[in-house]
Amino acid sequence: MAQSEFAPEPLSPEEVGSGPRLIYLHQEYPATLDPQNTSAFVGQLAMEMFDTLVTYEIDPATGIADQTNIVPRLASSWEISDDNKTLTFHLNPDARFWDGSPVTAEDVYWSIERALVGRMGWGTTQIETGGIFSVDQMEVVDPQTLAITYPDGLGRYSLRNFASMSLTVMSKAACEAGRAEGDEWCVDWIKTNAMGSGPYMLGEQQSGEYIVAVANEDYWGPAKPYYSEVLFRVVPEAQTRMLLLESGEAQIGFLTPNEYSVLQNSPNAKVFSVPSQQDVAVLRWKPDTAPFDDPKIREAVIKAIPYQRLVNEVCAGFCTPVQNLVGVNTPGYVAEPDFATDIEAAKALVAESSYAGDVPSFDVPVIDGSTHMAAGIIIQDALREIGLDMQIQPLTQNAFDEIAWGQRDLKVSIHSMGPWWNDFLYWAYWMYRTDSATNHIQYSNETLDENVLAALLIPQENEAEYMELQDEVLEILNGEHLAAPLYQVNWNVAVSSEVCNVNKFPWGTIAFSWLRPCV
């Protein structure tokens, strides 16, 4: 994704919001605009409409945000107490919501309280991974000052978590004025309303079709928006999205590998592709379920998977080979030789197993038509070669969600998560911790649970201590052959050849206020 032109120029007052409309294509319409209860679409909207206390420095050589390099946004400064237990933010007095009212510490307090007390799902857990579990930890010192206390000390994510969409700041007053009776935390109000302080303001909406974000010409922050509007347009079919980008009728879109393969040769569009942080797609299984209760079967499956074929055929090259559960650009990555295709060794392991000659079949539920379905078909073909019968169970999105998320009752699962942090133990926290919502196979290991929770409290600079915990968790997962890393998911996006300064923040969001026309 290297792009030497990444160097956003400051705008004069008359240039702010003076550019043409951008059209951003997405496959679905969001059920809510709630930044604490997000889909990828809402996450992109949230980072345009709301501000966070801090943000990440963008690497000028690549346009990729560095999560370990924290810079001011709503907070002009902050300090950490000598005992590492209190983080105090000082808000920028110039920060204003769209209605002109100041952004205050009370708004920050309320926005976090909303998630912790209102239990906003994914956003609540994200806040808790940074070490805030109760509103009692927060104190509004004065209108511009908020202090947060961490009884066990600030951890690995405590400061940088304040740049995540779950910690975007909303206007308490606007919510209280607009909400209906009984809607204490504005859950219904924020489905179609917003009052933020960000560079783009909520404009016209047509349910199921589009949402318009309008440039905030009075934006208080340094990254002023150039483009006058961003039209977030819903186009369900990837092929149609590709044609709109190829013709120049749209400027930004997320597609599938087949469409990216076409657009990378188009004069009207360019494709950016970079490994996503610790986003490793895996085939994983519950180890007490037949036939995976035999370690030799687990190892045989790992050796039978055609890893390069998955990269070539499922991703069309728009993902990255990976030989570990740790991502290729994640701290601690080492290529593990076990994760390499060896059909003959796989056959021998099946023959040595307790199921030799009579391996029971097993089901893998997947969403019909998804990338995971495509991967499953290739894996199914490879396992037949070693005498294993893997049955693919195609489901609708809703039916799959009920089994995976509602019941957490998958015996075997193909899964990629898209974690916020580029840390393996954070990924393991979500994928394998006993009570995690994304532990769809209900795996449980006491040591793993202890390590992923302990990792949250290790400061970023204590890398050796963190890696000791990581190695122990890897020894459990890799040593016991509990999953196979299929490939590392790439962040892919197609952008008009006329738009420059394309950037990548966590979870695949783009800071639209940094975009500029190519010259």
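Quick note: residue numbers are just sequence positions, from 1. Computed from a predicted structure; not experimentally measured. Only heavy atoms go into these numbers, but all of them, side chains included; no hydrogens, no water, no symmetry mates.
Aromatic rings of Tyr200 and Tyr227 (six-membered ring for Trp) have centroids beyond the 6.0 Å cut-off, not under it.
Checked by atom type and distance alone, the side chain of Asn422 pairs as donor or acceptor with a backbone atom of Asn329 at under 3.5 Å.
Checking Glu498 against Ser496 by side-chain atom types alone, no donor-acceptor pair falls below 3.5 Å. No side-chain donor-acceptor contact under 3.5 Å links Asp423 and Tyr429. Between the side chains of Ser247 and Glu249, a donor-acceptor pair is found at a separation under 3.5 Å. Side chains of Ser497 and Asn268: a donor-acceptor N/O pair is absent below 3.5 angstrom, by distance only. Checked by atom type, the side-chain pair Gln251/Arg21 shows no donor-acceptor distance below 3.5 Å. Using a 3.5 Å distance cut-off with no hydrogens or angles, the side chains of Asp51 and Tyr219 do pair a donor with an acceptor.
In plain terms, the two heavy atoms of Val499 and Lys270 that are nearest each other are O-NZ, 2.8 Å.
Heavy-atom neighbours of Arg233 CZ from other residues, nucleotides or ligands within 6.0 Å: at or below the threshold of 12.
Note on ring orientation: taking the six-membered ring where Trp is involved, the planes of His440 and Phe400 are perpendicular (angle over 60°, cut-offs 30° and 60°). Note on ring orientation: taking the six-membered ring where Trp is involved, the planes of Phe512 and Tyr24 are tilted (angle from 30° to 60°). In this structure, Trp420 and Tyr56 have tilted ring planes: the angle between them lies in the 30° to 60° band. The aromatic rings of Trp185 and Trp110 sit tilted relative to each other, their planes meeting at an angle between 30° and 60°.
A distance of 7.0 Å separates CG in Leu116 from CD1 in Ile132, rounded to the nearest 0.5 Å.
Looking at Glu184 and Arg114, their side chains never come closer than 4.5 Å, going by heavy atoms from C-beta outward.
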